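Below you'll find the structure, written out as structure tokens, and then a few comments.
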Amino acid sequence: MKRIKIKDLLNTTEFGRQATVMGWVRTFRNNQFIAVNDGSSINNLQAVVDFNNTDDALLKRLHTGAAIAITGEVVESLGKGQRVEIKVKELEILGDSDPEKYPLQPKKHSLEFLREIAHLRFRTNTFNAVFKVRHALAFAVHKFFNERGFAYIHTPVITGSDAEGAGEMFKVTTFDLDQIPRNEDGSVNYKEDFFGRPTNLTVSGQLEGELAAMALGEIYTFGPTFRAENSNTTRHLAEFWMIEPEMAFYDLNDNMDLAEALLKYVISYALENCKDELDFLQSRLSEEEKQKPQAERSALNLKEKLKFCIENDFERVNYTEAIDILRKSKPNQKRQFKYLIDEWGADLQSEHERYLVEKHFKKPVILINYPAAIKSFYMRQNEPDAQGRETVGAMDILFPGIGEIVGGSQREERLEKLEQRMYDMNIPVEEMNWFLDTRRFGSAPHSGFGLGFERLVLFVTGMTNIRDVIPFPRTPKNAEF
RNA sequence: UCCUGAGUAGCUCAGCCGGUUAGAGCAUCUGACUGUUAAUCAGAGGGUCGCUGGUUCGAGCCCAGCCUCAGGAGCCA
């Protein structure tokens with residue numbers, strides 16, 4: 001008999017029919033009730049065994065984690081808690097699971113423990129839901145861009161450029177590290193290496209993305225990104241996935257409009273297509289919140305928070321205004337900030353971003369026009385303001401609980417200004433000739449941004465540690481699996 | 001990398017002021033029960049107290065160093 005997925009079976013109204021399901025045992029209760037999950041749904045199917053007429057040795061093998069195949073009659077459940085169940089006629093163990101060794105039990109495990117057994121944590125409700133939502137969000141990203149005529153560009157993972165300016169890079173080499181070829185002066189002889197030059201894992205596809213945008217018009221990348229920073233936080237990974245659109249003829253406002261539309265689109269998609277998963281994650285989250293003191297609990301539950309984000313415009317705030325707000329804010333006046341704001345030009349710390357998003361505006365915030373001194377070389381230089389202060393056309397989108405989820409800018413398209421800035425910031429201009437060619441030949445205003453995919457998944461699932469929204473997290477001192 | 005905290009049974013944790021044989025719940029095993037919902041009830045087994053060294057008559061507990069994990073900070077997406 002052809003196998004039917006549990007998700008479909010749970011929705012059926014055809015009682016009395018025969019069906020075959022396959023899945024993994026979650027629990028076996030009362031020598032009678034098997035909770036089976038095949039991954040198609042976060043909900044389990046209850047299979048009822050007639051233990052009086054079933055081989056005892058077979059029943060003894062129904063342990064948590066075992067893979068089984070069941071054929072039987074689909075019936076309306078006699079018990080509460082489920083609508084549909086299956087009366088087992090044939091029961092086969094496809095794969096045993098030794099209960100003495102299998103680490104998952106039908107109870108709550110800590111996320112820390114599950115992280116140590118990341119190869120098995122897929123089998124829990126929480127991670128089932130998280131990775132279904134992750135999939136939906138990834139799919140929605142492609143759907144969004146495809147509907148708008150963007151081309152998906154695969155930028156290289158191995159890069160020869162060491163001037164992407166976004167942090168420490170992982171080196172790529174085929175050298176035997178115990179016997180590195182050297183030049184006479186003792187320096188490394190890269191000519192002997194695989195690519196004949198130093199190479200790294202990419203920290204951003206932006207520069208290559210710009211090249212494509214300056215011909216195809218609107219493009220995006222969506223791929224793995226690597227940062228060799230020794231970051232130990234709940235929102236940093238050494239290997240993460242980033243979405244980087246790059247658009248010709250977009251100014252900063254067009255850029256913000258696009259980013260806001262993208263975020264709202266993918267969040268709506270998840271709400272519509274991951275109802276069960278989000279319900280589960282929401283109840284999980286509110287259970288967790290019950291442990292917290294009243295003051296730290298959030299006013300909105302998970303789905304309310306997501307809906308709020310879709311239904312309200314993001315607050316667009318100039319850096320200069322933000323500094324003003326922060327300077328006059330209570331925590332600044334009362335010296336509660338660890339870093340007090342007193343002058344224009346200061347970089348905003350997490351505590352300041354959190355204050356703006358969570359206390360002052362209480363919604364997603366887009367901060368724009370940062371001081372040039374604290375931003376990257378490729379951002380478009382604005383006209384100095386009345387006080388002669390230099391800013392660039394940057395925009396960072398800040399989300400509650402996550403911080404910066406998007407970082408972008410209008411790009412500097414004027415060759416002389418860009419070159420000057422590269423000299424000022426010690427960026428090797430000669431090596432970047434290929435990049436500067438876009439400004440030499442048919443340069444045009446253009447913009448783009450980077451969206452941290454895992455941070456998006458964090459926000460939508462309500463999880464709090466970024467290591468729990470990617471299957472196998474890579475962080476300092478951890479590359480297990 | 002810095003700050004703070006943690007590491008005791010498979011998991012979650014308790015362990016007093018340094019004192020005799022290190023405990024509980026869940027899981028596992030055995031038995032009972034049989035429409036359960038993390039089933040229930042009874043019993044049993046299960047420990048390199050993160051590692052190394054030190055102090056002490058005596059260390060899970062005190063001291064030093066190291067490792068790992070978590071939270072916060074920095075870097076950022």
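Computed from a predicted structure; not experimentally measured. Chain letters run A, B, ... following the sequence lines, proteins first, then strands; residues in each count from 1.
Contact annotation: A/Arg235 side-chain N/O to B/A73 OP1/OP2 distance is under 4.0 Å. In this structure, A/Asn232 does not reach the B/C75 phosphate: none of its side-chain N or O atoms is under 4.0 Å from OP1 or OP2. Put simply, A/Asn230 has a side-chain N or O that comes within less than 4.0 Å of OP1 or OP2 on B/U1. Distances shorter than 4.0 Å separate some side-chain N or O of A/Arg29 from OP1 or OP2 on B/A39. Using a 4.0 Å cut-off, some side-chain N or O of A/Thr27 falls inside it from OP1 or OP2 of B/A39.
Salt bridge annotation for A/Asp468-A/Arg121: present, with a cationic side-chain nitrogen under 4.0 angstrom from a carboxylate oxygen. Salt-bridge annotation for A/Glu246 and A/Arg411: present, with a side-chain N of the basic residue lying under 4.0 Å from a carboxylate O of the acidic one.
Crowding of A/Lys363 atom NZ: a count of heavy atoms from other residues, nucleotides or ligands under 6.0 Å exceeding 12.
For the 3.5 Å distance criterion, the side chains of A/Arg327 and A/Ser329 fail to qualify, holding no donor opposite an acceptor. Counted by atom type alone, A/Thr391 and A/Asn369 present zero donor-acceptor pairs between their side chains at under 3.5 Å.
In this structure, A/Lys264 satisfies the cation-pi test against A/Phe314, with its NZ or CZ atom closer than 6.0 Å to the six-membered ring centre and inside 45 degrees of the ring normal.
Once rounded to the nearest 0.5 Å, the distance linking CZ of A/Phe449 with CD of A/Gln206 reads 12.0 Å.
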List the atom pairs, donor and acceptor, that lie under 3.5 Å between side-chain atoms in residues 474-481 of chain A and the rest of the protein, sequence neighbours left out.
unit_1	atom_1	unit_2	atom_2	d
A/Arg474	NH1	A/Glu480	O	2.8
A/Arg474	NH2	A/Phe481	O	2.7
A/Asn478	OD1	A/Glu480	N	3.3

Side-chain donor-acceptor pairs under 3.5 Å in residues 66-79 of chain A, sequence neighbours left out?
unit_1	atom_1	unit_2	atom_2	d
A/Thr71	OG1	A/Thr20	OG1	2.9
A/Ser77	OG	A/Gly79	N	3.2
A/Ser77	OG	A/Gly79	O	3.3
A/Ser77	OG	A/Gln82	NE2	3.0
A/Ser77	OG	A/Glu85	OE1	2.8

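Of the P atoms belonging to B/G18 and B/U28, the separation is 39 Å, rounded to the nearest Å. Going from the C1' atom of B/C2 to that of B/C61 covers 29 Å, rounded to whole Å.
Rounded to whole angstrom, the span from the CD atom of A/Glu239 across to the C1' atom of B/A77 amounts to 14 Å. We find that NZ of A/Lys338 is positioned 7 Å from P of B/G74, with the value rounded to whole Å. Residue A/Asp56 contributes atom CG, which lies 13 Å from atom P of B/C33 at whole-angstrom precision. Atom C1' of nucleotide B/G74 and atom CD of A/Glu404 are separated by 14 Å, given to the nearest angstrom.
Within residues 340-357 of chain A, the residues that place at least one heavy atom under 4.0 Å from RNA chain B are, in residue-number order, A/Gln349, A/Ser350, A/Arg354.
Closest to the A/Lys107 side chain, of the nucleotides B/A73, B/G25, B/A77, is B/G25. Side-chain atoms of A/Lys60 lie closest to B/G31 of the nucleotides B/G31, B/A73, B/A77. With distances taken from any side-chain atom of A/Gln46 to the nucleotides B/U12, B/U28, B/G35, the minimum falls on B/G35. In this structure, the nucleotide among B/G72, B/G35, B/C75 sitting nearest to the side chain of A/Thr234 is B/G72.
The salt bridge (Lys or Arg N to Asp or Glu O under 4.0 Å) search around A/Lys87 returns none, not counting sequence neighbours.
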Evaluate side-chain contact (heavy atoms from CB on, under 4.5 Å) for A/His63 paired with A/Asp96, printing each intermediate quantity in order.
CA-CA 8 Å; A/His63 297 294; A/Asp96 283 292; over 6 Å; no

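For the pair A/Phe240 and B/A77, the ring geometry qualifies as stacking, because the centroid separation is below 5.5 Å while the planes lie within an angle under 30°.
Pairs of Watson-Crick or G-U wobble type, with distances under 3.5 Å, assemble into runs of 3 or more in RNA chain B at these ranges: B:1-7 with B:67-73, B:10-13 with B:23-26, B:28-32 with B:40-44, B:50-54 with B:62-66.
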Check nucleotides 66-69 of chain B against the protein and report each pair of N or O atoms closer than 3.5 Å, with its distance, or say if there are none.
none

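Taking only distance into account, the side chain of A/Ser231 meets the base of B/C75 through a donor-acceptor pair shorter than 3.5 Å.
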